[in-house]
Student: 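Please see the structure below; I have some questions.
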Amino acid sequence: MSAHDASALIRPGMTVAMSGFTGAGYPKAVPGALAERIEAAHARGEDFRVRLLTGASTAPELDGKLASVDGIQLRLPYQSDPTLREKINAGEVDYLDIHVSHVAQHAWFGFYGDIDIAVIEVSGIRPDGQLIPSTSVGNNKTWIERAAGVILEVNEHQPSGLDGMHDIYYQTALPPHRKPIPLLHPGDRIGGPYLRCPPEKILAVVKTEAPDRSNAFSEPDETSRQIAGHLIDFLRHEIRHGRLPPTLLPLQSGVGNITNAVVAELGKEGFGGLTAFTEVLQDSMLDLLGDGVLDAASATSLSLSPAGLARFANHIAKYRQRLILRPQEISNHPELVRRLGCIAMNGMIEADIFGNVNSTHVMGTRIQNGIGGSGDFARNAYLSCFLSASTAKNGTISRIVPMASHVDHTEHDVAVLVTEQGLADLRGLSPKERARKVIEKCAHPDFRSMLQDYFDRACRESYGKHTPHLLQEALSWHQNYVQRSSMRLP
Ligand code: COA
């Protein structure tokens, strides 16, 4: 069927679940055709919006187009599209920011209501009707199971060598019938390579031939290299003290340039025999797989630059042996993250002096992207590390603040904070000890004395002295930025 005709199956008010995870494996044609129909309906004065569920972020062809025609009523669970972000922050789109590992089970529990249609990109359909997944798996198994009808996009641009790379686990159950997930090593295969869909559910099959959106990574800058250096020194220190094996523990690395740089530096530092149990596989991990530094990598999505995608497609047979793409409910499963003992490395918007981390909200109110999988890993990891530059917006914002303006990861879930200034190892420290360490090691020199002054006065004047705060002043840094575009003293 043409994308236009397939999109006509989607009617106003429907809940539509689409494939796609960090710009990989999203439908390329039906969303655009749907956006055109929505725009035409609006021009006629008709109301036409849909509730849109995905695996995670998608691309301008999906989130961007549907947001630009005001076609999205509700969106979950993670996004990073600039147009959609503006609509959410203007209060025009309802956005539910949900842990990546929770989405499939919540949909199965019925928390999001009925799913009318799933639109899923696959890289092929086998003669027996099984579906060869694409460059991400995300929630596709659950969307196909829960949706009343399924539109498939078969993307012939995706490399045929993807066949056999996926591991789709079909043994999950609703409580109280759940059993342990039999995965003991990141490289284990516990399911089969294909998705299944009852033929009677298929509403349309649309052919496409288009690449995934892919953004180039910037070359690691001095800040990223310094952050990577601090973290790698710390990992070596942990090996020397017997708290980590020389091959480390399964790595989880969040999205972004800094985490990409940290993984790249690990490769240069002579580490070997590593594994990754992560959500997204970025260029640097692909390189470590190719170089034999990484023995195995488990993820739910490939988020590669154009050059990375080309390397992947050209050497796919080599990667396929050691790279496994799984449903996001498994790639991010808390039971597995805890049992495997992951080393979690994620970016942040800001952290406060006590180690509470804000991953999502600029000035406590504007959503940036979403929590993604950071919470799945942070709470359950062997070592939970958060990394960022110590300032933002040309040094006008300190990313170390007295009180986080929004908290995604509480002090209880944060073991290590790293900025280019240094690394604060917060394990086993009381709140006041944590504050001293974070100010000393992570704050930018331009803001360090301001933080120290706040903390000293809080220690004297706070209502309670366990986690000292000056409640009238705790969020004044953010208020100052909102009012005069800088957290610096006038
Ligand atoms: N105040 C205001 N703006 C801030 C800020 C702060 N404290 N911290 C960052 N920003 C802005 C930056 O200026 C930048 O804006 P720009 O694009 O207009 O230049 C943007 O936020 C991204 O920040 P950056 O420093 O480039 O960091 P990043 O690309 O590493 O992203 C997060 C940081 C927190 C946004 C990102 O890691 C994220 O979305 N995390 C949540 C999801 C997650 O952790 N997933 C991991 C599992 S895969």
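Whatever order the structure lists them in is the order used to number ligands and atoms, beginning at 1.
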Student: Under a strict 4.0 Å criterion on non-hydrogen atoms, which protein residues are in contact with ligand 1?
Tutor: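 Around ligand 1, where the cutoff is 4.0 Å for heavy atoms, the contacting residues are Tyr78, Gln252, Gly254, Val255, Glu279, Asn346, Gly347, Met348, Ile349, Ser359, Val362, Met363, Gln368, Asn369, Gly370, Ile371, Gly373, Ser374, Ala392, Lys393, Ile397, Arg399.
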
Student: Looking at Asp81, Asp97, Asp63, which one forms a salt bridge (charged side-chain N to carboxylate O under 4.0 Å, His left out) with Arg75?
Tutor: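 Passing option: Asp63.
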
Student: Which residue pairs pass the side-chain hydrogen bond (donor to acceptor under 3.5 Å, both in side chains) test with at least one member in residues 274-293, sequence neighbours excluded?
Tutor: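 Qualifying pairs: Asn260-Ser284, Glu279-Asn332, Asp283-Ser305, Asp287-Arg311.
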
Student: Let me know which of His409, Glu350, His406, Gln368 forms a side chain to side chain donor-acceptor pair (under 3.5 Å) with Asn358.
Tutor: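 Answer to the side chain to side chain donor-acceptor pair (under 3.5 Å) test with Asn358 among His409, Glu350, His406, Gln368: Glu350.
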
Student: If the plane angle is over 60° it's perpendicular, under 30° parallel, otherwise tilted; pick one for Phe447 and His444.
Tutor: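 Taking His444 first and then Phe447, their aromatic rings stand perpendicular (interplane angle over 60°).
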
Student: Salt bridge or not for Glu265 and Lys268, using N-O below 4.0 Å?
Tutor: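 Salt bridge present between Glu265 and Lys268.
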
Student: Does a side chain donor of either Gln158 or Asp212 reach within less than 3.5 Å of an acceptor in the other side chain?
Tutor: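 Their side chains do contain a donor-acceptor pair, which is all the 3.5 Å distance test asks for.
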
